[in-house]
Amino acid sequence: GESVGLHLPTLSVQEGDNSIINCAYSNSASDYFIWYKQESGKGPQFIIDIRSNMDKRQGQRVTVLLNKTVKHLSLQIAATQPGDSAVYFCAENMNSGGGADGLTFGKGTHLIIQP
Amino acid sequence: DGGITQSPKYLFRKEGQNVTLSCEQNLNHDAMYWYRQDPGQGLRLIYYSQIVNDFQKGDIAEGYSVSREKKESFPLTVTSAQKNPTAFYLCASKTDSLRFNEKLFFGSGTQLSVL
């Protein structure tokens, strides 16, 4: 079936810089998108989500942008800190059929913070 | 504190052996999910359950079995038919499987390895 993917497997940024993690999705019927952070050996933690009727949503130090025209999702992290080092996953869900089988996940981007 | 508890953290399986991974949640969620994660990969859905005494196969159900006798519990058995069981297994839940715009809550995972 259709899947969510990521442009880069690894992203290295300097501490204090802003990070931008990208995600391309192929299912134009997706209505809900979500970003998770996963630290080594742990379960994914929710960061932020966005519905398809929105273009942008902001949280604490994070912003998610959705471009439905090109089916692109991005996560922006402001003033990156060492604790931001992790793998970041985007995921999607569809409204049709209720999405009972949960979310479809991309492969993830490993964010590395350089001191 | 409410949450999802997975046990054990690490599990080793011998050839021909069935092993069971535990997942318990006290969030009063109806829907529960099992995902498999291989190194450098996204999450793949094994089984999910929308309600007690009901469950459906996900994308990679072969070699696995589940039960949902109680709302709080959704154990996963990795059978001897699963020839490549080494992976990180994640349990998740959400309030209602039919609400598409709802995030999944994850447990901390179980790392299964073959002896």
Side-chain angles (χ1 to χ4, degrees), chain A residues 1-6 8-10 21 23-27 29-54 57 59 64 66 86-110, chain B residues 3-7 9-10 21 23 25 27 29-51 54-61 74 87-113:
Chain A
E2 293 182 339
S3 63
V4 177
L6 286 150
L8 294 172
T10 302
I21 302 171
C23 181
Y25 64 95
S26 57
N27 191 343
S30 292
D31 290 309
Y32 175 68
F33 303 88
I34 190 167
W35 282 99
Y36 282 95
K37 172 187 179 182
Q38 186 179 25
E39 297 176 19
S40 182
K42 297 183 179 180
Q45 296 173 285
F46 168 80
I47 301 174
I48 193 167
D49 57 4
I50 189 169
R51 293 188 60 174
S52 60
N53 60 353
M54 301 172 68
R57 193 171 186 206
V64 56
L66 176 63
V87 176
Y88 291 81
F89 292 96
C90 63
E92 62 179 324
N93 204 351
M94 287 190 296
N95 190 12
S96 60
D101 58 348
L103 299 165
T104 300
F105 287 84
K107 289 186 170 58
T109 293
H110 186 193
Chain B
I4 301 177
T5 301
Q6 289 187 241
S7 63
K9 180 67 175 174
Y10 300 96
L21 285 62
C23 178
Q25 54 98 359
L27 299 168
H29 286 173
D30 282 323
M32 297 187 74
Y33 303 81
W34 275 106
Y35 287 90
R36 170 179 170 139
Q37 185 176 30
D38 293 284
Q41 300 294 314
L43 280 62
R44 293 185 290 167
L45 183 64
I46 305 173
Y47 268 98
Y48 65 100
S49 168
Q50 298 183 64
I51 200 165
D54 176 76
F55 49 83
Q56 283 83 40
K57 293 181 179 180
D59 300 319
I60 55 166
F74 190 41
F88 191 53
Y89 291 86
L90 288 160
C91 180
S93 71
K94 69 176 182 176
T95 305
D96 181 346
S97 67
L98 297 181
R99 293 173 62 176
F100 76 98
N101 58 337
E102 188 174 297
K103 60 181 177 282
L104 290 174
F105 291 81
F106 283 89
S108 56
T110 293
Q111 176 64 50
L112 176 62
S113 302

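Using a 4.5 Å heavy-atom threshold, the side chains of A:W35 and B:K103 count as separate. A heavy-atom distance below 4.5 Å is found between the side chains of B:L104 and A:Y36.
With B:K9 contributing its side chain and A:G41 its backbone, the two residues share a donor-acceptor pair below 3.5 Å.
Contacts of B:Q37 with chain A are made by side-chain atoms alone, with heavy-atom separations under 4.5 Å and no backbone atom involved. Proximity to chain B (any heavy atom under 4.5 Å) is restricted, for A:Q38, to the side chain, taken from C-beta onward.
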- request: Given side chain to side chain contact (heavy atoms under 4.5 Å, CB included), test A:F46 with B:F105 step by step and report yes or no.
  value: CA-CA 8 Å; A:F46 168 80; B:F105 291 81; over 6 Å; no
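With rounding to the nearest 0.5 angstrom, the CD atom of A:Q45 is 11.0 Å from the OG atom of B:S108.
Smallest separation of non-hydrogen atoms from A:G43 and B:L90: CA-CD2, 3.6 Å.
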